[in-house]
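To keep things clear, I will list the structure first and then write my remarks on it.
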Protein chains: 2
Amino acid sequence: MIYHNEKALFIKIAERLCDDILSGCYTEGDLVPSVRELAAEYEVNINTALRAFELLQRDAILLSQRGIGMSVAKGARRRILSARRKEFLQHELPEFMRRMELLGLTLDDIAREWRAQDGMETAS
Amino acid sequence: MIYHNEKALFIKIAERLCDDILSGCYTEGDLVPSVRELAAEYEVNINTALRAFELLQRDAILLSQRGIGMSVAKGARRRILSARRKEFLQHELPEFMRRMELLGLTLDDIAREWRAQDGMETAS
DNA sequence: ATTAGTGTTATAGTGACTTAAGACACCGCA
DNA sequence: TGCGGTGTCTTAAGTCACTATAACACTAAT
């Protein structure tokens, strides 16, 4: 049943960068790691890292400055947050609930289970 | 931000069949639709439907009977449920919580939001 | 100017997935 | 026996994500 479900690598990298912007790791105007650094960090080809950047350029999350680097665009965080909220509420949440109900679970079960698991992890 | 995220077709079909077994659409011993019927239903090549079946054969969800069809194996439902529960708790739930927290949401927010949306849908 | 760091483009090759069309093996039934 | 329904296998082609190299264009610092 572990039919691995991987998205494309360059998409995962782009989402990871968005995560980092959301969580404040990079703020607007900051330079993100260079294509080559990113490729090394994720153990991936330069072209793959570049494609992640192209994606984020198209969505006006990153600005390309030749010879300098890629910087976080103005309003990037707000735009990511907005898009993520929409995606989350319209797709992820319904799919999550569907799978939950197929397993005969409720949100209360989940909350209980999560508190238990979370306690385990932080206790280690 | 809509970096389409598709899994392989044959995997989606296999998971869909598992959903149908979980929800009681097919019970143990039942014949599932033939390769060609399934291919037609999902508007997909026969080989793609066949690969979905191969996946489910390997996990002992379906039994192949040449000249007859594919039937749901004994214990298939229990096995699916068990694997799904494990996958859900170990991977989907943590990822869901991570994304939720990145958006500054809590499980209570989700529960509230879901009840509202659910009410909208069932009212239509 | 030189150098080292950026982003960018191009070409070629690999592997996974999908489609397409056809052929074969098996079962049940008339 | 023949027919039509099953599952299965083969071959060929095409797309896409990824890798591997290499080269080019620009900027900043020395």
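Note on naming: letters A, B, ... go to the chains in the order of the sequence lines (proteins, then strands), and numbering restarts at 1 for each one.
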Result for 5'-nearest mapping on DNA chain D, choosing between A/Ile68 and A/Asn45, is A/Asn45
Under 4.0 Å between a side-chain nitrogen and a carboxylate oxygen: does that hold for A/Asp19 and A/Arg16? no
Which nucleotide, D/dT6, D/dA25, C/dA25, lies nearest any side-chain atom of B/Arg66? C/dA25
Toward the 5' end of DNA chain C, which comes first, B/Arg51 or A/Val32, by nearest nucleotide? A/Val32
Measure CE/B/Met70 against P/D/dG5 and give the value in whole Å, please. 19 Å
For residues A/Phe96 and A/Phe88, establish whether the separation of their ring centroids is below 6.0 Å. no
Once you round it to whole Å, what is the distance between P of D/dC16 and CZ of A/Phe10? 11 Å
Under 4.0 Å from OP1 or OP2 of C/dT19: is there any side-chain N or O of B/Thr48 that close? yes
Atom CG of A/Leu62 to atom C1' of C/dT8: distance rounded to whole Å? 15 Å
Closest to side chain of A/Asn47, choosing from C/dT19, C/dT8, D/dT19: D/dT19
Spacing between B/Leu31 atom CG and C/dC26 atom C1', to the nearest angstrom: 15 Å
Can B/Glu95 and B/Arg98 be counted as an ion pair, charged N to O under 4.0 angstrom? yes
Expressed as a whole number of angstroms, how long is the span from A/Ile46:CD1 to C/dT8:P? 13 Å
Where the side chain of B/Val44 is concerned, which of C/dG7, C/dT19, D/dT19 is the nearest nucleotide? C/dT19
On DNA chain D, check which nucleotide each of A/Gly67 and A/Arg36 is closest to and give me the residue with the more 5' one. A/Arg36
C/dT8 OP1/OP2 closer than 4.0 Å to side-chain N/O of A/Gln57: yes
Would you mind reading off the distance between B/Leu50 atom CG and C/dC17 atom P, rounded to a whole angstrom? 14 Å
Using whole Å, what does the distance between atom P of nucleotide C/dT19 and atom CG of B/Leu38 come to? 12 Å
Separation of D/dT8 P from B/Glu54 CD (nearest whole Å): 7 Å
Carboxylate-amine/guanidinium proximity below 4.0 Å for A/Glu92 and B/Arg99: yes
What nucleotide among C/dT6, D/dT8, D/dT10 has an atom nearest to a side-chain atom of A/Ser34? C/dT6
Testing the 3.5 Å rule here: is there a donor-acceptor pair between the side chains of B/Asp109 and B/Thr106? yes
